[in-house]
Number of protein chains: 2
Amino acid sequence: MGTTQLETVPEPKYWHLRTVLSEALDSEFSVGEILPNERDLAARFGVARATLRQALEQLELEGRLQRRRGVGTTVAPPRMGVSVGTTQHAWPGGPHDAWQTLDCAPEVPPAAVAETLVTGRDEPVHVVRRSRVSHGQPVAAELLYIPADSVPDLSGIDAPAGTARARAVLRELQRLELERQENAVELGSARADDARELDRLPGAPVLVVTTRFIARGRTAALSVATYRADTCRLTFGDSGGVEIHHGPERRAS
Amino acid sequence: MGTTQLETVPEPKYWHLRTVLSEALDSEFSVGEILPNERDLAARFGVARATLRQALEQLELEGRLQRRRGVGTTVAPPRMGVSVGTTQHAWPGGPHDAWQTLDCAPEVPPAAVAETLVTGRDEPVHVVRRSRVSHGQPVAAELLYIPADSVPDLSGIDAPAGTARARAVLRELQRLELERQENAVELGSARADDARELDRLPGAPVLVVTTRFIARGRTAALSVATYRADTCRLTFGDSGGVEIHHGPERRAS
DNA sequence: AAGTGGTCTAGACCACTTA
DNA sequence: AAGTGGTCTAGACCACTTC
């Protein structure tokens, strides 16, 4: 009984550290500023480096910090608003499209994708790669799976692959009448190739946006877009790019 | 020159482990099955426990595994589709609402919220807490911030707080004409209170859905909903709850 | 070459669940 | 009490960037 009810739930050190650091970021650091290195910070707080890193990982996940190997840890700017699925009822590659078409190649899609498209297993589809850049940095990488019978008339195109073919495929796609599209967002981790394109390490957290484009009662195309979770806030619905960020204003120390 | 181009980019152990385990999950485990404990698994793969845990963390982030302290690690079912922002142009608490109203209390909102609502700092607003359950488990916790002047006529209500008041506030809100709503999704980590409600540990990854309800040209209400990122796939737009999951079918060994 | 973050180890102890 | 995942330590080495 003599024990007053302090610390009923002892908070993990890394969680407490996260809070302390978060407040320090709000009050004593400005965007872009470099933090002391991990070894110094760990020593300053009297914890092992691994524990400090756990706290930094949390803050990076929340988009507060940016860490670059060989460089250092900097205070991240507020996440940028990236609009997704606002252009309802529009095919990819249309007039107001935020994406840059890279290339195209025939490929056998993963089983889950083949299941959604009605194609049989081991049947190759057109795979168009696109990337999305915002405010000068890459924010998303996309794979567009398009079954052969969604774009039946590719006769005029010689190239079996490459940017030219990609554009041709998208142009053909426009000719179908789009009934509707279905969107979903979930958390994932960047595969090696996506990571490279997004300038991140493999396993970095990403928001995966899956879009089914439906025409003639069937899935005419399937888009799987991987967005950097650390730098992006996805906006959808009627929205534009409204700024809602957490925490008070950052000011210089 | 004698060196053949093997291992140009030496893959981290934990990443390789993740791949191996992921394939094992596809081929040798069925949903709900319990994996060997971490110490055994680490020994089996000849790595330190910390390294194995890094791989497990990845798989948990991807929604493939579920870990519970004191219990063990099990194979997670495919993520459930949870529809978000489909009921466009509808106030919270309307007829086809998936949320359960918990309670309501006056509170001074965080600075970022106060900024979005036009209220001054230190001015309390109604804060309605709601929770969302799907397939028998909690999937989201919500805080609804409603400025006093969005619900001017609360005269008939005695209770200063509690469920009754929460319902009254939502009922009053219906009387405004909703112009539109703006949605955004971003990655976050669960605060202590959200974590408790979602049956997770603090810091667990969550998808934060922010919705601005706009009426009379102003933000009449602001919803901040935290969804479990491990178990949920958010669907929006025209979508229903279509099932697209990664990897082949899971079957029993 | 120096300095940074990223990976990895081998151990210890703690919090929680179950029996 | 036994077994699980969660936290934490003190150290080592590696990959990368910058000077």
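Quick caveat, the model's predicted, so the values are computed rather than measured. Throughout, protein chains are lettered first and strands after them, A, B, ... in sequence-line order, and every chain is numbered starting at 1.
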- [ ] Output the single nucleotide from dC16(D), dG6(D), dC8(D) whose closest atom is nearest the side chain of Arg69(B).
- [x] dG6(D)

- [ ] Take atom NE2 of His16(A) and atom C1' of dC8(D), then tell me their distance rounded to the nearest Å.
- [x] 16 Å

Task: Short N-O contact, Arg132(A) and Glu142(A), less than 4.0 angstrom - done: no

Open item on the list: Closest-nucleotide mapping onto DNA chain D: is Gly70(A) or Tyr14(A) further toward the 5' terminus? I mean the 5' end.
Closed with: Tyr14(A)

Open item on the list: Does Leu56(B) reach a base, just sugar-phosphate, or nothing at all? Heavy atoms under 4.0 Å.
Closed with: nothing

Open item on the list: Can you measure Glu38(B) atom CD to dC8(D) atom C1' for me and round it to whole angstrom units?
Closed with: 15 Å

Task: Nearest-Å distance for atom pair CD/P, residues Gln66(B) and dG6(D) - done: 11 Å

Task: Side-chain-base donor-acceptor pair under 3.5 Å for Arg39(B) and dG5(D) - done: yes

Task: Atom CG of Asp193(A): over 12 foreign heavy atoms under 6.0 Å - done: yes

Task: Identified stems (criterion: three or more consecutive Watson-Crick or G-U pairs, under 3.5 Å), DNA chain C - done: C:1-18 with D:1-18

Task: Interatomic distance where CZ belongs to Arg68(B) and P belongs to dG5(D) [whole Å] - done: 11 Å

Open item on the list: Please identify which of these residues, Leu144(B), Thr210(B), Val125(B), Thr211(B), meets the side-chain contact (heavy atoms from CB on, under 4.5 Å) condition with Leu222(B).
Closed with: Thr210(B)

Open item on the list: Applying a 4.0 Å non-hydrogen cut-off, can you work out what Arg49(B) is touching in the nucleic acid: base, sugar-phosphate, or nothing?
Closed with: base

Open item on the list: Side-chain N or O of Arg67(A) versus OP1/OP2 of dT4(C): is the shortest distance under 4.0 Å?
Closed with: no

Open item on the list: Without decimals, in angstroms, what is the distance between Leu52(B) CG and dT4(D) C1'?
Closed with: 14 Å

- [ ] Would you indicate which nucleotide in dG6(D), dT4(C), dT7(C) comes nearest to any side-chain atom of Asn37(A)?
- [x] dT4(C)

TODO: Give a yes or no answer on whether the side chain of Arg49(A) reaches the backbone of Asp40(A) with a donor-acceptor pair at less than 3.5 Å.
DONE: no

TODO: Rounded to the nearest 0.5 Å, what's the gap from CD1 on Ile34(B) to OG1 on Thr74(B)? Could you check?
DONE: 7.5 Å

- [ ] Nearest-nucleotide wise, let me know which of Pro202(B) and Val71(B) is further upstream toward the 5' end of DNA chain D.
- [x] Val71(B)

Pairs under 3.5 angstrom only: tabulate donor-acceptor contacts from the side chains of residues 99-109 of chain B to other protein residues two or more places apart or in another chain.
{"unit_1": "Asp103(B)", "atom_1": "OD1", "unit_2": "Arg129(B)", "atom_2": "NE", "d": "3.3"}
{"unit_1": "Asp103(B)", "atom_1": "OD2", "unit_2": "Arg129(B)", "atom_2": "NH2", "d": "3.4"}

Task: Presence of salt bridge, Arg200(A) and Glu60(A), under 4.0 angstrom - done: yes

- [ ] Mind calculating the distance between CG (Leu201(A)) and C1' (dT4(C)) to the nearest angstrom?
- [x] 13 Å

Task: Short side-chain to backbone donor-acceptor contact, Thr226(B) and Ala141(B), under 3.5 Å - done: yes

Task: Phosphate contact (dG6(D) OP1 or OP2) by Lys13(A) side-chain N/O below 4.0 Å - done: no

Task: Rounded distance (Å) that lies between atom P of dA15(D) and atom CZ of Arg200(A) - done: 19 Å

Open item on the list: Looking only at the side chain of Pro12(B) (C-beta and beyond, no hydrogens), which of the listed nucleotides dT7(C), dG5(D), dA10(C) gets closest?
Closed with: dT7(C)

TODO: Give a yes/no answer on whether the side chain of Thr51(A) brings an N or O atom under 4.0 Å of OP1 or OP2 in dT7(D).
DONE: no

Open item on the list: Using OP1 and OP2 only, check whether a side-chain N or O of Thr73(A) sits under 4.0 Å from dT4(C).
Closed with: no

Task: Gap between atoms CZ and P, on Arg53(A) and dT7(C) respectively (whole Å) - done: 7 Å

